[in-house]
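Remarks on the structure that follows.
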Amino acid sequence: MASTEEDALRRDAEDPGRRDLFLVPPAEGGGYPDSAYLAGNSLGLQPRATQAELLEDLAAWARLGVEGHLEAERPWLPYHEQLTGPAARLVGALPEETVIMNSLTVNLHLLMVSFYRPRGERTRILIEDTAFPSDSYAVRSQARFHGLDPETAVVRLGSGQEVLDFLEREGETVALVMLGGVNYLTGELMDIPAITAAGHAAGAVVGWDLAHAAGNVPLELHEWGPDFAAWCSYKYLNSGPGALGGVFIHQRHLGDPALQRFEGWWSTEQNTRFQMAPVSRPPASADAWQISNPPIYAMGPVRTSLNLFDQAGMTELRARSVRLTGYLESLLDEITPTRPISVVTPRDPARRGCQLSLRIEHGSAAELARRLRHEYGVVTDAREPDIVRVAPTPLYSTYHDCWRAAAALADCVREES
């Protein structure tokens with residue numbers, strides 16, 4: 001490989017990121033103490049501040065008992081409100097359009113209760129053919145719940161352009177468009193504003209799964225106008241395995257009494273909640289989609305991470321992401337022409353986030369990922385049968401991480417004659 005380790009280290013000195021704010025796992029192989037951690041698209045690293053701040057919340061319980069709901073330094077009753085502003089800024093939404101609650105697929109189901117309302121011939125749900133399996137299971141089960149056959153109600157399409165073409169051709173049959181903002185397998189960034197506009201022009205509701213987009217690419221949800229969106233917080237948002245997700249509901253739907261919605265204890269106005277009335281009084285905000293009181297010790301790590309994004313800003317992070325991913329792409333360009341590896345992610349930086357997906361033509365992707373980790377200390381992830389995903393995350397990944405990954409790939413995958 002022509003590119004040198006010294007060049008990678010020089011780039012890191014000039015463009016250092018915020019790696020010092022995170023705990024990087026030790027390497028399990030290779031000649032370096034820390035992993036080259038390039039799997040933040042699967043599970044982000046732990047911020048150094050998370051443990052101390054979580055222990056502060058636990059200490060409030062020990063010191064105050066039930067009175068922590070109002071008297072803790074971060075009171076539990078309105079705790080979720082501390083996350084609303086940073087989350088809204090992250091996804092380009094208004095605070096009243098945003099709430100942190102539940103996990104991703106639970107949120108998608110709660111949103112589809114409100115927004116998937118098949119009627120007459122308008123029954124179809126459009127998803128991408130390579131949708132994350134949980135999304136596929138969710139929409140199929142929603143179709144069955146409404147008495148429909150998921151084999152005909154769910155339409156799987158191969159690209160954003162296919163979605164646009166289908167909407168133009170058969171849009172009158174579509175009740176819901178629900179796509180991944182960034183495709184989990186290929187790393188392709190969908191044209192969210194164009195598809196949203198086309199879906200609405202066809203008379204459909206449009207929602208987005210932003211699991212691989214939130215914290216990865218800039219978003220302007222309020223301006224782009226989808227009806228709803230949901231995302232998780234354990235990938236680019238570094239909030240820990242199974243972390244609480246986020247929800248966006250566009251302002252035009254807030255307070256609409258005709259919109260169906262499941263309700264519970266936390267769906268009613270906070271200032272009247274303890275009047276214990278038998279009928280809910282939902283606020284005209286995304287908070288109305290909450291059901292149960294939030295789990296404080298799951299909220300804490302999300303709050304910690306969102307504050308880091310507030311400090312860095314998506315403009316800065318996106319610019320570094322483009323530089324870092326472009327550098328990794330240039331290293332891969334040196335080794336892939338002579339090896340059975342190809343990059344399936346779009347080359348245009350405007351059509352991707354920080355993930356580059358590699359198709360391995362011979363052998364097992366999982367076995368290659370295992371070798372990279374255990375023999376070279378390079379952490380990636382595999383999606384069988386043939387995709388290895390590599391994600392230089394701008395908050396903590398380095399140019400040296402990218403160089404190590406490319407050098408390890410060159411060692412592991414033999415050149416073809």
Quick one: does [X]'s side chain have a donor or acceptor within less than 3.5 Å of a partner on [Y]'s backbone?
| X | Y | value |
| --- | --- | --- |
| T4 | D7 | yes |
| S35 | P25 | yes |
| E375 | G29 | no |
| H146 | L148 | no |
| S364 | A366 | yes |
| R320 | L395 | no |
| E71 | L64 | no |
| S397 | P394 | no |
| D227 | G207 | no |
| D135 | I127 | no |

Heavy-atom check, side chain of [X] versus side chain of [Y], under 4.5 Å:
| X | Y | result |
| --- | --- | --- |
| Q51 | L23 | no |
| T105 | Y137 | no |
| P86 | F309 | no |
| L108 | M178 | yes |
| P47 | F22 | yes |
| T186 | R352 | no |
| R383 | S42 | yes |
| L21 | Y396 | no |

Side-chain donor-acceptor pair present, [X], [Y], cut-off under 3.5 Å:
| X | Y | answer |
| --- | --- | --- |
| S136 | R156 | yes |
| R389 | Y184 | no |
| S280 | S267 | no |
| S330 | D333 | no |

Next on the checklist: For a side-chain contact (heavy atoms from CB on, under 4.5 Å) check, start with the C-alpha distance between L77 and R273, then their side-chain angles and the critical distance, and finish with the verdict.
Outcome noted: CA-CA 11 Å; L77 180 63; R273 185 171 295 141; 3.7 Å; yes

Near-ring test [Y]/[X], centroid separation under 6.0 angstrom:
| X | Y | value |
| --- | --- | --- |
| H253 | F228 | no |
| F248 | W289 | no |
| H212 | F132 | no |

Would you name the heavy atoms of [X] and [Y] that are closest together and state the gap between them?
| X | Y | result |
| --- | --- | --- |
| T345 | Q355 | CG2-O, 3.4 Å |
| R122 | V174 | NH1-O, 2.7 Å |
| I249 | A286 | CD1-CB, 3.9 Å |
| W403 | A8 | CB-CB, 3.8 Å |
| N238 | S305 | CB-OG, 3.8 Å |
| P241 | L43 | N-CD1, 3.7 Å |

Within a 6.0 Å radius of atom [atom1] on [X], are there more than 12 heavy atoms belonging to other residues, nucleotides or ligands?
| X | atom1 | answer |
| --- | --- | --- |
| W265 | CH2 | yes |
| F262 | CZ | no |
| E5 | CD | yes |
| R144 | CZ | yes |

Distance in Å, [X] [atom1] paired with [Y] [atom2], rounded so as to fall on 0.5 Å steps:
| X | Y | atom1 | atom2 | result |
| --- | --- | --- | --- | --- |
| E128 | L185 | CD | CG | 10.0 Å |
| L308 | T50 | CG | OG1 | 7.5 Å |
| L219 | I192 | CG | CD1 | 5.5 Å |
| L167 | I195 | CG | CD1 | 8.5 Å |
| I125 | L179 | CD1 | CG | 11.5 Å |
| C354 | N216 | SG | CG | 4.5 Å |

Are any of the side-chain nitrogens in [X] or [Y] under 4.0 Å away from the carboxylate oxygens of its partner?
| X | Y | value |
| --- | --- | --- |
| D191 | R351 | no |
| R404 | D34 | no |
| R11 | E14 | no |
| E53 | R74 | no |

Checklist entry - Between H400 and Y32, does a side-chain contact (heavy atoms from CB on, under 4.5 Å) hold up when you go through it step by step? => result CA-CA 11 Å; H400 191 244; Y32 304 93; 3.3 Å; yes

Next on the checklist: Between L358 and L368, does the side-chain contact (heavy atoms from CB on, under 4.5 Å) criterion hold? Intermediate values first, please.
Outcome noted: CA-CA 11 Å; L358 313 180; L368 176 57; over 6 Å; no

Item to check | Intermediate values then yes/no, side-chain contact (heavy atoms from CB on, under 4.5 Å), Y297 and L58 | outcome: CA-CA 8 Å; Y297 309 124; L58 278 166; 3.9 Å; yes

Next on the checklist: Under the side chain to side chain contact (heavy atoms under 4.5 Å, CB included) test against R124, which residue among V177, L176, V155 passes?
Outcome noted: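 Among the candidates, only V155 passes.
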
Item to check | Candidate list C232, S233, P301, P295, test side chain to side chain contact (heavy atoms under 4.5 Å, CB included), partner L244, passing option | outcome: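 Answer to the side chain to side chain contact (heavy atoms under 4.5 Å, CB included) test with L244 among C232, S233, P301, P295: P295.
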
